[in-house]
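Order of the sequence lines sets the chain letters (A, B, ...), proteins ahead of strands, with each chain counted from 1.
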Number of protein chains: 2
Amino acid sequence: MKSPTELTEAFRANGLKVTPQRQLLFRLMHGNTMHPTADALFSEASVQMPGISLRTVYQTLTDLASMGELRLIDVGAGAVRFDPNVDDHHHVVCQACGDVRDVYVAGSHELRIDGLNGFSVDSTSILFHGSCARCA
Amino acid sequence: MKSPTELTEAFRANGLKVTPQRQLLFRLMHGNTMHPTADALFSEASVQMPGISLRTVYQTLTDLASMGELRLIDVGAGAVRFDPNVDDHHHVVCQACGDVRDVYVAGSHELRIDGLNGFSVDSTSILFHGSCARCA
DNA sequence: GTGCTAGTTAGCAATCAATGCAGATTAGCA
DNA sequence: TGCTAATCTGCATTGATTGCTAACTAGCAC
Ligand SMILES: [Mn+2]
Ligand SMILES: [Mn+2]
Ligand SMILES: [Zn+2]
Ligand SMILES: [Zn+2]
């Protein structure tokens, strides 16, 4: 994800306005490695800006995602998580505490896929399930 | 997933009763390669047994899953899908029509994972996103 | 076969995540 | 300083799933 300053320009360039709510969310997401849910981010944002709406958090995250600045991660339980890391990477999720971390996978592009039957593949998501160091 | 006959024994062995509803669902899931949602299965079941409850479909699918006879597949959109194929396999999903198919992946156990930071991995889910032959 | 009882079913309420909507507000420009 | 399209908040609604409970029944003991 771009820096808050760059996002400010990018939003204006797209005819979108830059509001205090959006600037706050830019800052909270920039460099964020927690893969937060919309609700988790809403809680964080509410500390600095009481009264901000959960709806606004969803809106802004969706805008960022459609600009390609965020990725949506679905770990198969609970709410979708938002990821400012748009590099080619994958995830490991702790079955116990739900913690999600980035992992970088070598060999993912050389997987041999049998049974495609005419399907063409555009992208690959690899999710590792396990236990984090704390929950081990 | 075991055959309907074997499941009948397995259920009784676990102190669970074998009802007409469950037998129907055993038959509908056995060898089913569609990865149906609970609701899709409910529609199918309703043809042969009008009045069956969606709740019962969820119950039975959950029971089968906790007995290890079914896998739950979350493709990141819409409802969870249920899979009687418990072999080591992965999935490809059509972004256009939502069709989900089995794929067998060679090399998935030899992936090099960087950044685990103390995480231990129990299992791996690989989801390929693309277009089916029909939607290409 | 009859009766008992623990397990099951159907139906509906409740929850959770996410989106739709509309009136009040405001960023950004002239 | 005004204008106006875009945004924000708060609330209603949707969709998937689970919780709850009274009525029902499979499976077993007699
Ligand atoms: Mn990530
Ligand atoms: Mn499958
Ligand atoms: Zn953990
Ligand atoms: Zn398709």
Side-chain angles (χ1 to χ4, degrees), chain A residues 4-5 7-26 28 35-43 45-46 48-67 70-83 98 100, chain B residues 4-5 7-26 28 35-43 45-46 48-67 70-83 98 100:
Chain A
T5 309
L7 287 173
T8 294
E9 289 174 35
F11 265 57
R12 294 217 176 101
N14 280 37
L16 301 177
K17 293 180 177 175
V18 177
T19 65
Q21 289 89 344
R22 285 178 174 175
Q23 288 174 307
L24 172 57
L25 292 168
F26 294 169
L28 290 177
H35 304 90
T37 61
D39 200 67
L41 205 60
F42 169 63
S43 295
S46 296
Q48 296 187 49
M49 188 182 284
I52 190 173
S53 163
L54 174 60
R55 192 68 185 81
T56 297
V57 175
Y58 271 106
Q59 303 258 52
T60 302
L61 291 173
T62 300
D63 288 343
L64 284 167
S66 59
M67 292 170 65
L70 288 184
R71 278 179 51 191
L72 275 61
I73 314 289
D74 189 331
V75 295
V80 166
R81 289 154 177 279
F82 294 86
D83 191 352
V100 176
Chain B
T5 309
L7 286 173
T8 294
E9 290 175 34
F11 264 57
R12 293 218 176 98
N14 281 36
L16 302 176
K17 293 179 177 174
V18 177
T19 65
Q21 290 88 341
R22 286 178 173 175
Q23 288 173 309
L24 172 57
L25 292 168
F26 294 170
L28 290 177
H35 304 90
T37 62
D39 200 66
L41 206 59
F42 169 63
S43 295
S46 296
Q48 296 187 48
M49 187 182 285
I52 190 174
S53 163
L54 174 59
R55 192 69 185 83
T56 298
V57 174
Y58 271 107
Q59 304 258 49
T60 301
L61 291 174
T62 301
D63 288 343
L64 285 166
S66 59
M67 291 170 66
L70 288 184
R71 278 179 51 191
L72 275 60
I73 314 288
D74 188 331
V75 295
V80 166
R81 290 153 176 279
F82 295 86
D83 190 352
V100 177

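For the pair Leu64(B) and Phe11(B), the minimum side-chain heavy-atom distance is below 4.5 Å.
Take the nearest nucleotide of DNA chain D for Arg81(B) and for Thr8(B): the residue whose nucleotide is more 5' is Arg81(B). The residue among Asp63(A) and Asp39(B) whose nearest nucleotide of DNA chain D lies closer to the 5′ end is Asp63(A).
Atoms CG (Asn14(A)) and C1' (dA27(C)) sit 16 Å apart, rounded to a whole Å. In this entry the distance linking CE of Met49(A) with C1' of dT7(D) reads 13 Å, nearest Å. Rounding to whole angstrom units, CG of residue Leu72(A) and C1' of dT19(C) are separated by 14 Å. As a whole-Å value, the separation of Lys17(A) NZ from dA6(D) C1' is 4 Å. Atom pair Ile52(B):CD1 and dT8(C):P shows a separation of 14 Å (rounding to whole Å applied). Counting to the nearest Å, the C1' atom of dA17(C) and the CG atom of Asp74(A) are 11 Å from each other. For the pair Glu9(A) CD and dG28(C) C1', the computed distance is 16 Å after rounding to whole Å. Counting to the nearest Å, the P atom of dG28(C) and the CZ atom of Phe11(A) are 11 Å from each other.
Listed for the Arg81(A) side chain is no donor-acceptor partner under 3.5 Å among the backbone atoms of Val75(A). Thr60(A) places no side-chain N or O within donor-acceptor distance of the main-chain N or O of Val57(A), the cut-off being under 3.5 Å.
Closest to the side chain of Tyr58(A), from the set dT19(C), dT18(D), dT9(D), is dT19(C). Side chain of Ser53(B), nearest nucleotide from dA18(C), dA10(C), dT17(D): dA10(C). Of the candidate nucleotides dA18(C), dT7(D), dG28(C), dT7(D) has the atom nearest to the side chain of Leu16(A). The side chain of Thr56(B) lies closest to dA10(C), out of dG27(D), dG28(C), dA10(C).
At a threshold of 4.0 angstrom between heavy atoms, the contacts of Thr19(B) are confined to the sugar-phosphate backbone, with no base atom among them. Among the atoms of the strands shown, base atoms are found under 4.0 Å from some heavy atom of Gln59(B). Residue contacts for Leu54(A): at a heavy-atom cut-off of 4.0 Å it reaches no nucleic acid atom on any strand shown.
Under 4.0 angstrom from either OP1 or OP2 of dT9(C) there lies at least one side-chain N or O belonging to Arg22(B). For Gln21(A) and dT9(D), the shortest distance from a side-chain N or O to OP1 or OP2 is below 4.0 Å.
Counting atom types as modelled, Arg55(B) pairs a side-chain N or O with a base atom of dG19(D) as donor and acceptor under 3.5 Å.
Between atom CZ of residue Phe42(B) and atom CG of residue Leu25(B) there is a gap of 10.5 Å, rounded to the nearest 0.5 Å. Taken to the nearest 0.5 Å, the CD atom of Glu9(B) stands 7.5 Å off from the OG1 atom of Thr5(B).
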